[in-house]
Undergrad: 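Here it is: the structure, laid out below.
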2 protein chains.
Amino acid sequence: MTGRNVIPLEAIKIACQNCSLSALCLPMALTPEDVIRLDSIIKRNRPLHRGDHLYSEGEPFEKLRVVTTGSVKTYSTCDDGSERILGFHLPGELIGLDAIESNHHRCSAKALETTLVCDIPFDQLEKLSHQIPSLQHQLYRLLSREIGHETEILMLLGKKGADERLATFLISLSERFKSRGFSATDFFLSMSRYDIGNYLGLAVETISRIFTRFQEVGLIQVERKHVQLLNLALLKEMADGNHHKSRSHRGCQSK
Amino acid sequence: MTGRNVIPLEAIKIACQNCSLSALCLPMALTPEDVIRLDSIIKRNRPLHRGDHLYSEGEPFEKLRVVTTGSVKTYSTCDDGSERILGFHLPGELIGLDAIESNHHRCSAKALETTLVCDIPFDQLEKLSHQIPSLQHQLYRLLSREIGHETEILMLLGKKGADERLATFLISLSERFKSRGFSATDFFLSMSRYDIGNYLGLAVETISRIFTRFQEVGLIQVERKHVQLLNLALLKEMADGNHHKSRSHRGCQSK
DNA sequence: AGAGTTTATTGATCTTGATCAAGTGTTTGT
DNA sequence: ACAAACACTTGATCAAGATCAATAAACTCT
């Protein structure tokens, strides 16, 4: 709206698309000039292969990352050497926000498949945000959103049974794919069953059994990594636990 | 260091203490003038009683809160009407950061006992942060810290058994009390066993039993709300699971 | 101070999901 | 192409913790 329109809108769109700048600024009012400034600090990288690390726990933190293509898992290593998966990250999602506080990465991140990632040097972003109030606001919002995510985790791991957990997981993937323009009902799991189990706090065997059972009931269709959600509505019900004789939600009363 | 020193350090100290301004600015380099500006937007409130709400889910978000005295629980209400406790908040701790994104509270907060709370209007804080770079940076850090907290939750609920969870909970309280100048080994639980169970994803009965067992083993001394940690070192070991025949950490392998 | 409610403890039993075990199918590397 | 490693599935058994039940103790209210 404001500012001279020397920069054609098309150029901005392309900049956004190319670099998943959109992850950073989707609901944000920026002038074309500001978009260009923002875009100019973002760096493209060469593709990563499966298993490649984006960063490791303890490394100094320099930049945020945006997954452009492919997918990434973040995990932290326990004292006993086993890993705890913290999350899976799909195209358009931002990683590294947890490292700002200490200026060191609190977890490791590795590619689950061939993956493109952009870098956003945080010091430059911070400076820029100090010049552009709406960018500052957007950063506060992004960080806040991440905090709100904790609520869901608590629900998932604290209250839900195994079926509900896996249903919730599938619905979450579905919605995230959908919001990025992919199919909400037909997609590939880039992570192993082990990873899913680890993330959901369940044993691999349990994951496998539930997949099988969900398929038997006609809820989903799984073949290897390929998943189709056949009954999204029912799956959502299951995810919320509003299904079958209102199961008592594993303990945890209150008041 | 910089700026004229018209404002005596004592005054600053008092301002900090009175209002738990410290929650906001502990590791931050501010000029005395900035401290005064920051302090000027913070508002004291009359005391809340047990059960009083600070805010409820869905309410518009206006201000962050700092617990000054007493304690608060945050919780969100499930579809089935039961509540899921998200956290307990002790003196010096900041609440409301999860509400920035949507400008609405994502959870409810209520006082667990007689509690003093200060308000920090967020729009004013945001404006101020735009004028004071170090305050902006500090806000990013505070938000980031909260995100890092999610990791601990995932560890707690995804991997740990009941004993480890309760041990972790006690250690967490202990450290938080300690960092605020209270005793690390002798304190009162302002929340009910139900609340503890709800938070840790365990049934009340389980909490009760573990308290009893921990006491029998000489790990702690509990009487009603009053807890004494008799063997902090061992309790920490338990919390990390580095205890007893290295229990296999309930499923969740990976790789 | 006493009735009623809430909070906590302890025991007995049952369920969910972990663990153990064995086998098949799928990649990966040389 | 082959072997070795890895990923997945299915079945049988086991254990941690939930649920049910019954008190007991501590607050709350008038």
Side-chain angles (χ1 to χ4, degrees), chain A residues 49-51 73 82 112-114 156-167 188-216 220 222-227 238 241 244-255, chain B residues 49-51 73 82 85 112-114 156-167 188-198 200-216 220 222-227 238 241 244-255:
Chain A
H49 301 112
R50 189 151 82 85
K73 74 171 174 184
S82 69
L112 287 166
E113 57 191 311
T114 304
L156 184 69
L157 298 181
K159 283 213 138 152
K160 293 184 178 178
D163 290 9
E164 289 166 75
R165 291 191 201 188
L166 192 56
F188 284 81
L189 300 171
S190 56
M191 68 294 289
S192 70
R193 312 272 141 124
Y194 285 84
D195 281 347
I196 297 174
N198 184 308
Y199 178 65
L200 296 177
L202 298 168
V204 213
E205 293 93 329
T206 305
I207 302 295
S208 189
R209 277 186 250 271
I210 298 176
F211 267 136
T212 307
R213 188 150 36 78
F214 276 6
Q215 177 156 254
E216 281 165 5
I220 63 173
V222 248
E223 175 153 4
R224 195 88 190 136
K225 304 260 176 204
H226 183 202
V227 180
M238 299 223 42
H244 239 197
K245 53 188 126 181
S246 67
R247 9 190 13 263
S248 55
H249 281 300
R250 48 189 6 247
C252 329
Q253 315 93 322
S254 193
K255 181 90 187 245
Chain B
H49 300 112
R50 187 150 82 86
K73 72 171 174 184
S82 69
I85 294 188
L112 287 165
E113 59 191 310
T114 303
L156 184 69
L157 298 182
K159 284 212 135 147
K160 293 186 178 176
D163 290 11
E164 288 164 75
R165 291 190 200 188
L166 193 56
F188 283 81
L189 301 171
S190 56
M191 70 294 289
S192 71
R193 313 273 141 122
Y194 284 84
D195 281 347
I196 297 174
N198 183 308
L200 296 177
L202 298 167
V204 212
E205 294 93 329
T206 306
I207 303 295
S208 189
R209 279 186 249 271
I210 299 176
F211 267 136
T212 308
R213 188 150 37 77
F214 276 7
Q215 177 157 254
E216 281 165 4
I220 62 173
V222 247
E223 175 153 3
R224 195 86 189 139
K225 303 261 176 205
H226 184 203
V227 180
M238 298 223 43
H244 237 196
K245 52 186 124 177
S246 67
R247 14 189 10 261
S248 55
H249 282 299
R250 48 187 7 246
C252 333
Q253 316 91 323
S254 196
K255 183 84 187 260

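Letters A, B, ... mirror the listed sequences (proteins, then strands); counts begin at 1.
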Undergrad: NZ of B:K225 versus C1' of C:dT6: gap in Å, rounded?
TA: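 Those two atoms, NZ and C1', are 11 Å apart.
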Undergrad: Distance check needed: C:dT16 C1' versus A:L200 CG, whole Å only.
TA: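 Taking atom C1' of C:dT16 as the reference, CG of A:L200 is at 16 Å.
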Undergrad: Taking the nucleotide of DNA chain C with the closest heavy atom to each, which residue, B:T212 or B:R50, is nearer the 5' end?
TA: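 Final value for this comparison: B:R50.
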Undergrad: Side chains of A:D163 and A:F214: does their closest heavy-atom pair fall under 4.5 Å?
TA: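 Of all side-chain heavy-atom pairs linking A:F214 with A:D163, at least one is under 4.5 Å.
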Undergrad: Choosing from D:dC8, C:dT10, C:dT7, which nucleotide comes nearest the side chain of B:S208?
TA: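 Taking heavy atoms from C-beta onward, the closest nucleotide is C:dT10.
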Undergrad: Between A:R165 and C:dG17, does any side-chain N or O lie under 4.0 Å from OP1 or OP2?
TA: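 Indeed not, no polar side-chain atom of A:R165 lies that close.
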Undergrad: If each of A:R224 and A:R209 is mapped to the nucleotide of DNA chain D with the nearest heavy atom, which maps nearer the 5' terminus, i.e. the 5' end?
TA: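 Per heavy-atom nearest nucleotide, the more 5' residue is A:R224.
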Undergrad: Do A:R165 and A:L157 come within less than 4.5 Å of each other through their side chains, counting heavy atoms only?
TA: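 They are in side-chain contact.
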Undergrad: So if I take every side-chain heavy atom of A:A162 and compare against C:dG17, D:dA18, D:dT9, which nucleotide ends up nearest?
TA: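 The closest nucleotide is C:dG17.
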Undergrad: Which whole-number value in Å describes the distance from A:M191 CE to D:dA7 C1'?
TA: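 Taking atom C1' of D:dA7 as the reference, CE of A:M191 is at 15 Å.
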Undergrad: Output yes when at least one side-chain N/O atom of B:S192 is less than 4.0 Å from OP1 or OP2 of C:dT6, else no.
TA: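 False: B:S192 side-chain N/O out of range (4.0 Å or more) of C:dT6 OP1/OP2.
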Undergrad: Measure CZ/B:R193 against C1'/D:dA26 and give the value in whole Å, please.
TA: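 These atoms are roughly 12 Å apart.
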Undergrad: Indicate yes or no: at least one non-hydrogen side-chain atom of A:F211 is less than 4.5 angstrom from one of A:R193.
TA: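 Yes - at least one pair of side-chain heavy atoms lies under 4.5 Å apart.
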Undergrad: Between D:dT19 atom C1' and B:L202 atom CG, what is the distance in whole Å?
TA: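 Rounded to the whole Å, the gap is 14 Å.
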Undergrad: Taking only side-chain N and O atoms of A:T206, does any of them lie within less than 4.0 angstrom of OP1 or OP2 on C:dT16?
TA: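 No, no such contact exists.
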Undergrad: Report the distance from atom CD of B:E205 to atom P of C:dT10, rounded to the nearest whole Å.
TA: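 Going from B:E205 (CD) to C:dT10 (P), I get 12 Å.
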Undergrad: Measure the spacing between CG of B:L189 and CD1 of B:I196 and express it to the nearest 0.5 Å.
TA: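 One finds 5.0 Å between CG of B:L189 and CD1 of B:I196.
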Undergrad: What's the separation between atom CD1 in A:I220 and atom OG1 in A:T212, rounded to the nearest 0.5 Å?
TA: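 Result: 8.5 Å between the selected atoms.
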Undergrad: Quickly work out the B:I210 CD1 to D:dA16 P distance and round it to whole Å.
TA: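 The distance from CD1 of B:I210 to P of D:dA16 comes to 12 Å, rounded to the nearest Å.
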Undergrad: CG of A:D163 versus P of C:dT16: gap in Å, rounded?
TA: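 Roughly 10 Å, once rounded to whole Å.
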